[in-house]
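For reference, positions follow the sequence shown, starting with 1.
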Amino acid sequence: MSRPGRTLRLARFVTELTAPAVLVSALTLTVGWHSTRGTHGLAWGLLATLFVSGIPFAYILGGVRRGRLTDHHVGIREQRRVPLLFGLCSVAAGLALLAVLGAPRPVLALAAAGLVGLVVAVTVSHWWKMSIHSAVAAGTVVVLVLTFGAGLLATAPLLALVGWSRVRLRDHTVPQVVAGLALGALVAALVFAPLR
């Protein structure tokens, strides 16, 4: 296989591995577990994951099956509005339920950051195709550093890999990736940090 073919396969692999639903699920379970240091926290993480990524991703897959969406990454900007608004409603409902049930503060803070991130994504996507992969990846790194300490800054170089994959696949331009990185990190820092 030629070098361009290998890099394309690598870019597809990175894109799937770092898809927002994957990162959000893993992060929510990790923060949930860490919030109580055990299975009780993991249960909170599972409940939050259902609303912040499970239900929204199921909606997207349904849209792909019905032909309303071209792919599970919702690559066409004009198709993003409805799935993002549906995700926003799901996260808001989940956040309300978690608050009523008394979820740990870090889990609530993460859901709140996801809610704000979706508001930003819906707003920006109306005019421009910002990289949501990059935004979620940057927010994930910030949350990991805030939760587990500065040692997790070692994950920061992975952001370049995520950005490269999105540009290599021609799903985004460099400015769209950079904007996603900046907004994702900013939302995590301004919302998750003070609420946790």
For a side-chain hydrogen bond (donor to acceptor under 3.5 Å, both in side chains) check, start with the C-alpha distance between Ser134 and Arg166, then their side-chain angles and the critical distance, and finish with the verdict.
CA-CA 8 Å; Ser134 296; Arg166 305 308 291 147; over 6 Å; no

Taking the side chain from Ser131 and the backbone from Val177, do they hold a donor-acceptor pair closer than 3.5 Å?
no

Parallel, tilted or perpendicular for His72 and Phe57, by the 30°/60° rule?
perpendicular

Say whether, by atom type as modelled, one donor and one acceptor occur between the side chain of Ser90 and the main chain of Phe86 under 3.5 angstrom.
no

Check whether any side-chain N or O of Thr15 sits under 3.5 Å from a backbone N or O of Arg12 as a donor-acceptor pair, and report yes or no.
no

Step through the shown structure and confirm whether more than 12 heavy atoms of other residues, nucleotides or ligands are within 6.0 Å of CZ on Phe13.
no

Is there a path of hydrophobic side-chain contacts, each under 4.5 Å between heavy atoms of I/L/V/M/F/W/Y residues, joining Val24 to Leu158?
no

Group every Ile, Leu, Val, Met, Phe, Trp and Tyr by side-chain heavy-atom contacts under 4.5 Å, then state whether Leu27 and Leu98 land in the same group.
no

Main-chain N/O of Gly75 paired with Arg80 side-chain donor or acceptor, under 3.5 Å
no

hydrophobic_cluster_shared for Ile55 and Leu108, side chain cutoff 4.5 Å
yes

Between Met130 and Val74, is there a shared hydrophobic cluster once you connect ILVMFWY residues whose side-chain heavy atoms come closer than 4.5 Å?
no

The test is side-chain contact (heavy atoms from CB on, under 4.5 Å); show your working for Leu42 and Leu29 and say whether it passes.
CA-CA 6 Å; Leu42 191 57; Leu29 291 170; 4.1 Å; yes

